[in-house]
2 protein chains.
Amino acid sequence: MPRTLLSMNDRPYHHGDLRRAILAAALDVIAADGPAGLSLRDLARRAGVSHAAPAHHFRDRTGLLTAIAAEGHGLLAAALTGAPDLREAGVRYVRFAREHPAHFQVMFSPPLLRADDLELTTARALSAAALTEAVATGAPAGDGPDARLTRIAVWSLAHGFATLLLGHNLDALLGDEDPEAVLRALPMTLFPST
Amino acid sequence: MPRTLLSMNDRPYHHGDLRRAILAAALDVIAADGPAGLSLRDLARRAGVSHAAPAHHFRDRTGLLTAIAAEGHGLLAAALTGAPDLREAGVRYVRFAREHPAHFQVMFSPPLLRADDLELTTARALSAAALTEAVATGAPAGDGPDARLTRIAVWSLAHGFATLLLGHNLDALLGDEDPEAVLRALPMTLFPST
DNA sequence: ACCACAACTTGACACTGACAAGATTGCCTC
DNA sequence: GAGGCAATCTTGTCAGTGTCAAGTTGTGGT
């Protein structure tokens, strides 16, 4: 039994699972203050360990963020697989961004990541495949001009909506409406021929 | 004549226009390494002034970024006004993002900005008005269900496309195609009834 | 029982943002 | 045109951060 449930009062051997603790704390901080508000020493303090402890699990600040991005791509891939149609894929994309805002932000901040990290690149390939598959299975009736264009379109729309939403740029426009409902109505707004 | 042309060889009085010099250097750095790569001391070094000089013009690191965001909203407003139709507004939006990547990134990174800054809020209102106007004048024939929805849709699509483009997430999908041309084709891809 | 290795600590160094206090320079007024 | 004023910039300093190196402690494997 390598990882026992930690009875919350007594500190386990070295800490138990520092990696998870630091990841969780990092996600909290990032969701609240963005990646810029993140400090390894602060995370160490929250976990009750010494200031250099995080480095052993993540090497760098960059390493920590890269791990988060990789985890995010895994979560996104899982969320996307099995989407019945195009629109639902977009909805799931935005839902992922709202449920995992820290992951989402970090995933799309290239300068903060180690681009050649293996874990990251494979996870990214996984989520990309999931999106491609969703577009392929959910292609509209006429089988539009190009699956590639369709993929870019749905990705751009969903990504833009999610980004603006998380940045509170749509608050005034949405009022108290349900963002998901609005999102579903967007595509036909761009081409109101139906 | 408060600001004389600076003959490039002799250093003017205190520096000439440090504010501009620092802004320019900051835009370079941000475009290359993102806002995280920005250091006030480094900017001071590039401008050949002491480490605390930037603070006098921008108060904070936050102040500098806020000034950049405000300038960006002004530029965006100028770029958007007079767009003949919806699609062209989107194209101009993306063109702005590509021509001013540093401004664009900073404008949509709320945790880095002083939200209540007057210059910023007025500039933001300006760009928002420009977008609204573009959507209103360029409304499609049928005058769709809701101008508000249309605005969210075109904004989301353009913003998502621009963001993914700047993050190099579309490189593989676009190949050597012209991004603007692809963008123009996107809306009909989402609803291929024409 | 022992030992190699993983997990963590301690200490140090360079760098950064921010603040306070002083120096310099151009401008404005009389 | 001389003196004072205010903006601009400098110097010095402090706490905080990331990263590296070296040491310490506990664990699991054999």
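Below, chain A is the first sequence line, B the second, and so on; all start at residue 1.
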**Q** Taking all non-hydrogen atoms of both residues, which atom of A:L183 and which atom of A:V91 are closest, and how far apart?
**A**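 Shortest heavy-atom contact: CD2-CA, 3.7 Å.
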**Q** Taking CG from A:L43 and P from D:dG18, how many angstroms apart are they, rounded to a whole number?
**A**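 Going from A:L43 (CG) to D:dG18 (P), I get 8 Å.
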**Q** Looking only at side-chain N and O atoms, does A:H56 come under 4.0 Å of OP1 or OP2 in C:dA7?
**A**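 Yes, A:H56 has a side-chain N/O under 4.0 Å of OP1/OP2 on C:dA7.
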**Q** Grab the CG-P distance between B:D60 and C:dT16 for me, whole Å please.
**A**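 In whole Å, C:dT16 P and B:D60 CG are 17 Å from each other.
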**Q** Tell me whether A:L126 is reachable from A:W155 by hopping between hydrophobic residues (I, L, V, M, F, W, Y) whose side-chain heavy atoms are closer than 4.5 Å.
**A**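 The answer is no; the residues belong to distinct hydrophobic clusters.
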**Q** Between the protein and nucleotides 13-16 of chain D, which nitrogen or oxygen pairs are less than 3.5 angstrom apart?
**A**
none

**Q** Side chains of A:F161 and B:H159: does their closest heavy-atom pair fall under 4.5 Å?
**A**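 A side-chain contact is absent here, since even the closest heavy-atom pair is not under 4.5 Å.
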**Q** Taking the side chain of B:R61 as its heavy atoms from C-beta onward, which of D:dT19, D:dT11, C:dA18 lies nearest to it?
**A**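 Closest nucleotide among those given: C:dA18.
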**Q** Starting at CG of A:D17 and ending at P of D:dG26, how long is that distance when rounded to a whole Å?
**A**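 Atom-to-atom, A:D17 to D:dG26, this comes out as 19 Å.
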**Q** State plainly whether the residues B:R46 and B:D28 are in salt-bridge range, i.e. N to O under 4.0 Å.
**A**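 Answer for the salt bridge query: no.
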**Q** Quick one: do B:H100 and B:F96 satisfy ring-ring contact (aromatic ring centres under 6.0 Å, His included)? Show the steps, please.
**A** CA-CA 6 Å; B:H100 306 281; B:F96 164 80; 5.3 Å; yes
**Q** For A:R184, give me all partners under salt bridge (charged side-chain N to carboxylate O under 4.0 Å, His left out), at least two apart in sequence or on another chain.
**A**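 For A:R184, the residues satisfying salt bridge (charged side-chain N to carboxylate O under 4.0 Å, His left out) (neighbours in sequence not counted) are A:E88, A:E180.
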**Q** Assign the ring pair B:F104 / B:Y93 to parallel, tilted or perpendicular, where the plane angle (0 to 90°) is split at 30° and 60°.
**A**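 Plane angle over 60°, so perpendicular.
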**Q** Can you check the A:D42 CG to D:dT17 C1' distance for me, whole Å?
**A**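 Rounded to the whole Å, the gap is 11 Å.
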**Q** Salt bridge or not for A:D146 and A:R151, using N-O below 4.0 Å?
**A**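 Not counted as a salt bridge, because no side-chain N and carboxylate O are separated by less than 4.0 Å.
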**Q** Can you check the B:R59 CZ to D:dT8 P distance for me, whole Å?
**A**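 Computing the B:R59:CZ to D:dT8:P distance gives 16 Å.
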**Q** Rounded to the nearest Å, what distance is computed from the CG atom of residue B:L40 to the P atom of nucleotide D:dT17?
**A**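 Taking CG of B:L40 and P of D:dT17, I get 17 Å after rounding.
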**Q** Could you tell me how far apart B:F58 (CZ) and D:dT8 (C1') are, to the nearest whole angstrom?
**A**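 Taking CZ of B:F58 and C1' of D:dT8, I get 13 Å after rounding.
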**Q** Nearest to the side chain of B:S50, which nucleotide is it out of C:dT9, C:dA18, D:dT11?
**A**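 The answer is D:dT11.
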**Q** From the options D:dT10, C:dT9, D:dT19, select the nucleotide whose nearest atom is closest to the side chain of A:A53.
**A**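 It is C:dT9.
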**Q** Just the rounded figure in Å: distance from P of D:dT10 to CG of B:L18.
**A**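 Rounded to the whole Å, the gap is 8 Å.
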**Q** For the helix from C:dA1-D:dT30 to C:dC30-D:dG1, how many degrees between its two end axes (five pairs per end), to the nearest 10°?
**A**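 If I round to tens, the end axes sit 20° apart.
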**Q** What I want to find out is whether B:E177 reaches A:R148 closely enough, with some N-O distance under 4.0 Å, to be called a salt bridge.
**A**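 Looking at B:E177 and A:R148, the cut-off is met.
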**Q** Counting heavy atoms from C-beta on, name the nucleotide in D:dT11, D:dT8, C:dT9 closest to the side chain of B:H57.
**A**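 Taking heavy atoms from C-beta onward, the closest nucleotide is D:dT8.
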